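Letters go in sequence order (proteins before strands), and every chain restarts at 1. Because the structure is predicted, anything quoted here is derived from the model rather than measured. When reading the values below, keep in mind they use all heavy atoms of this one structure, side chains included, and skip hydrogens, waters and symmetry mates.
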Amino acid sequence: METSVKFEDLTKEFEDVVAVDHLNLKIEKGEFFALLGPSGCGKTTTLRLIAGLEQPTEGKIFLNNEDVSSYPPKERDVAMVFQDYALYPHMTISENIGYPLKVRGVAKEDRQERIKEAAENLQIGELLDRRPSQLSGGQQQRVSVARALVHEPSVFLFDEPLSNLDARLRIEARTFLRHLQKELGITTIYVTHDQSEALALADRIAIMEAGQARQVDAAQKVYHEPADTFVANFVGSPPMNLLQCRVNMEGETPILETENNTISFTNLENRLQRLKERDELILGIRPEDMDLTLNVDQDEQLTGLVGEIYAVETLGAQVLFSVKIGNSMIRVREMSSEKVSQLAVGDDVSVEINEDRVLYYDAEDKALIN
Amino acid sequence: METSVKFEDLTKEFEDVVAVDHLNLKIEKGEFFALLGPSGCGKTTTLRLIAGLEQPTEGKIFLNNEDVSSYPPKERDVAMVFQDYALYPHMTISENIGYPLKVRGVAKEDRQERIKEAAENLQIGELLDRRPSQLSGGQQQRVSVARALVHEPSVFLFDEPLSNLDARLRIEARTFLRHLQKELGITTIYVTHDQSEALALADRIAIMEAGQARQVDAAQKVYHEPADTFVANFVGSPPMNLLQCRVNMEGETPILETENNTISFTNLENRLQRLKERDELILGIRPEDMDLTLNVDQDEQLTGLVGEIYAVETLGAQVLFSVKIGNSMIRVREMSSEKVSQLAVGDDVSVEINEDRVLYYDAEDKALIN
Amino acid sequence: MISKKTAFFFLLPALVLIFIFLIFPAFWTLYYSLTDYSLLGASTEFIGVQNFINLFTSARFWNATILSFEFVFFSAIIGQAGVGLLLAMLFHRKSGWLKKLVRNLAVASWLIPAVVVAYAWAAFLDKEYGLLNQIIGIFGFTGIDWLNEVPMGSIIIFNIWRGAAFSMLLFTSALKTIPPSHFETADVVGASLWDKIKDIVLPQLKTFIGSDLALITLWTFNLFTPFLLTGGGPGRQTEILPIYTYFKAFKYMEFGLGAAISAVILFINLTLALVYLNYLKAE
Amino acid sequence: MISKKTAFFFLLPALVLIFIFLIFPAFWTLYYSLTDYSLLGASTEFIGVQNFINLFTSARFWNATILSFEFVFFSAIIGQAGVGLLLAMLFHRKSGWLKKLVRNLAVASWLIPAVVVAYAWAAFLDKEYGLLNQIIGIFGFTGIDWLNEVPMGSIIIFNIWRGAAFSMLLFTSALKTIPPSHFETADVVGASLWDKIKDIVLPQLKTFIGSDLALITLWTFNLFTPFLLTGGGPGRQTEILPIYTYFKAFKYMEFGLGAAISAVILFINLTLALVYLNYLKAE
């Protein structure tokens, strides 16, 4: 596939902070690509480097195979949508959308036509004579996308464009953006700190921390196989449970000892190799891959993970249990049901793990063990 | 059960706006009660009326069966936690927590002891000598709860206390608050615009709009049986699908006609009565109560809801499909699976509905038909 | 924070004072402007609009009025607001020692009493010993007696210097109210500096520019300190309205006429204030 | 917004001007303060610290200095800042016509030229025709020649009136920086008005109070307009430092001595500014 954007050792330093640290990435033509990470991870700086609003300290940026590292913004053929929409309050919607064309000296009739086309694409054709202050947040957001669209850039840059919308509108705008991007097929780079937004929108996601990409993969893969514990802990709501444990070999059978429990898995063959040679591991288990059972008989000697329910929270059709096991807290998500509704705070429970879904991370470098 | 807070016809008018409109509510002792609604629905005004920060235009407020409508805030025995935490920047954490005691003239040694106790309850015992600016958002939030706790109020008032935290911290703080409230057993009234927060935290929820309560029920009930279409559309993420349709009786068999489809349900007996006498209905179906099937043979005459996939979004372990059916958009949530991953934008699909979960709303007054 | 009753209790005397000190003097001035009140005459009599007739037929009054408008236009509108806006834009979103230095120097200019400034200027511009003429001398030119030969120019430059800092600081804050994304959007689409000024800065700072012009116009119109530099002279070349009033009312004790001039100044100021207010409201 | 090169190109002349107009006059003043430069004398000679010795042994200089400090303390610190803070607190989180009226009147006080105000005050306080004495007369008291008998009091009240509006507006904005939840938290726990002032307002407004005091102290210290009201008299009862400088440097052309007084004023102002800056930094 054709490459649309490429970084080679892209680095940006601000006084004493390295915001982007030797980043190497390729983004395909037509791809919806998300830069995801906590604040200060360098994702916005990366976007601004692509736009030319910042100059790289080191490294190169290629757009459509051309080295644009030293080009000013206007020569890069990109369009940017800002978090605050950046609409000019004294211009009408039509003037706002047409501004990039006006600056580039497009003739008035031609301009009018392209404004109309962009506005219809965004379903805001009837708002053209209003001013930004007369529009709702969702409509303003669409106007800012229309303005980016109108000069037919080869790359779209989005800087947290949905974060000023309320929860309901955000979901609607998300669906709309996802649909629009697939329809137009314009390469899109999307910065967000919201993992659910990145999962929902992007074809591929780069999860960033401290200026580096921890994982670059498709949304499903990022969710189901986080490359390290940072990603595992950042993606998912609530995030993956991470359990520190020691490996104890009883002959050929590995036993995992956690703080005050032992776990042994039945289906051993495929795990044996990766468990055998290590002393310490971190288990990663998503909350939906576990199940709770009430311990009726308190005297019985229990195996597996046992603990006490710390809190019960309703999540719509599901219920989230926080279970205190020694000093760690495990979160278990269950579909609400007759059985589940009987579990209450303070109950002693066993946690069953869906063995096939367990991931193993190295206790040293925190990376996924394959 | 004992009543802790009661409103009788509580009304608050501001110049030309009726913020709270003849509200009647009873909140039990020890209950975690949420006021949920969009901005401007009157939820915060209601909280401020309880605190005594606003005076009601009409109606009465009872705390522990005493009419406190005309009492100043300090005589109401409530404590309030604000969205911005309202910590005094020039005081240490210890002084902040102890401020309510100092104002009430509690002796210094006694004060120290109670500050320590509250701080330990909130697990911030080691922060007492710091200043608010040295604390993270989550720690500040705990300090503000500790300050509310220290004067042992009979009612806790929370005004969106988690909305300044990031997504990850919010989930942790939510679990902690839920646990703490159950442990202390203090009646808690919690204002939020975030439906997931209200569902997770509260025993009961009042969903407010335009100063009135549209539904007052347990979290599970609010989710599974919204009392009207406003609640149905406000609770859940994404919200319930609402489908307008006409009822056509074919003899004793009701047929539902939507814009360009017909639906007939097999299990008729229990529905007959409520469908028979009406012309128009609104069907309410949660996204997780539907299923998609790919229409392989395009020529076949299909019954049920048929449409085209408009967008596909990953939601962690699940996938959200937006399906365009005529002019309406239906959202369907599926567990990710082999079958589901084959569905793509533009595919023609049939939508199957889990009949037992369908809710019926009156097309006129938008209320649930029981 | 304070109950209505307490507030009223504190406010009543404040209101009475404001009434006495602000409203009453205005009426008092108007009343006296219709009399021949003077410390030179024996008794005070009501003479109708005679003072105003005298004023409006006096060449000296018209000279003062025209000079005042010249002074305001060149030193305040063109000078202070123009220089202030230019400096603010130069430093917008920049940082570094240069910005700090200019800002500190600007504020420092307020530390110095007008008397001292006027004094330093008088010394700077002095014909024989002044620094300016000595510098000019180095280049072989003959010095000029600045305060006598270009007196209006001297007090205009003096007032620009005194006031540009205010406009600069006001516009610096004002520019911060424009979100950076507005400039960056313009950068990405390739707008020039002039595009940005025309399409972003001027339209969005209209209110600030209006307020700034209103304030500095009024201040400059009412400024008495040029008196320190030129005493209104030479001749009457720098006798702006406040200096003219001073001569009439204080120096020669023609209180009735002084009141009439005061009334005219009040009227001009009110008119200017209303024009600006109207402009600001239209936004 | 502007490239570094362009900025430098514009800034160079600005910097040169600032250097000439601000830095140089200061050194110039210091230099002249060591000479006997005067329009009366024949030639200018270097006389070392003689001017300063003359100054520090002059009773008139000490009188002016003490009067200046009195004037600043009573009219600026107690008067303007105190009245301003009180008014700001009274109106905090209130709305209504009273607040609007007081604010508009406060701003309106800036519309009026100092000359006109001084004039109205002179008329108001006049012994025989002044309104104040006429009011007093109604109650059967004998009028006082205010400007002659309590001249310092008169110019102090005059300056409070001119400046309280500034402090009030500054503190009004400052109070808005305290989140309402801080006051409401205090309300819920039952804090009294005094608790709120002591525990919330004063600690959180320290910086604003410091800045306000710094500004109004310097302004008042440098104020020349009391001259309009009393001309420094009667006798030397209101001859504050700027007026003293005026007499020496402008009226009697003793430029060397004038430079020495200017240097002393500059020194006092710098000291005051540094004290305030230090206090603000400590926050």
Under 6.0 Å from the CG atom of B:D110, do we count more than 12 heavy atoms belonging to anything else shown? yes
How close do B:D84 and D:P179 get, counting heavy atoms only, and between which atoms? OD2-CB, 3.5 Å
For chain D, which of B:K74, B:Q83, B:M91 has the most heavy-atom pairs under 4.5 Å? B:K74
Is the side chain of B:Y88 donor-acceptor paired with the backbone N or O of D:I200 at a distance under 3.5 Å, no angle test? no
B:K6 atom NZ: more than 12 heavy-atom contacts under 6.0 Å: yes
Under 4.5 Å from any heavy atom of chain D, what part of B:R76 do you find: side chain, backbone, both or neither? neither
Donor + acceptor pair across side chains of D:D199, B:Y99 (<3.5 Å): yes
Could you check whether atom CZ of D:F71 has more than 12 heavy atoms from other residues, nucleotides or ligands sitting under 6.0 Å from it? yes
Atom pair OH/OG1 of B:Y85 and D:T185 - distance to nearest 0.5 Å: 13.5 Å
Under 4.5 Å from any heavy atom of chain D, what part of B:A148 do you find: side chain, backbone, both or neither? neither
Heavy-atom distances under 4.5 Å only: say whether B:L101 touches chain D with side chain, backbone, both or neither. neither
Show the nearest heavy-atom pair for residues B:A51 and D:V188, with the distance to one decimal. CB-CG2, 4.5 Å
Can you tell me how far NZ of D:K206 sits from NE2 of B:H90, rounded to the nearest 0.5 angstrom? 8.5 Å
Hey, does D:H182 have a side-chain heavy atom less than 4.5 Å from the side chain of B:P89? yes
Quick one: which of B:S144, B:P100, B:P153, B:A79 has the most heavy-atom pairs under 4.5 Å with chain D, could you say? B:P100
What are the two closest heavy atoms between D:V189 and B:R104, and how far apart are they? O-NE, 3.1 Å
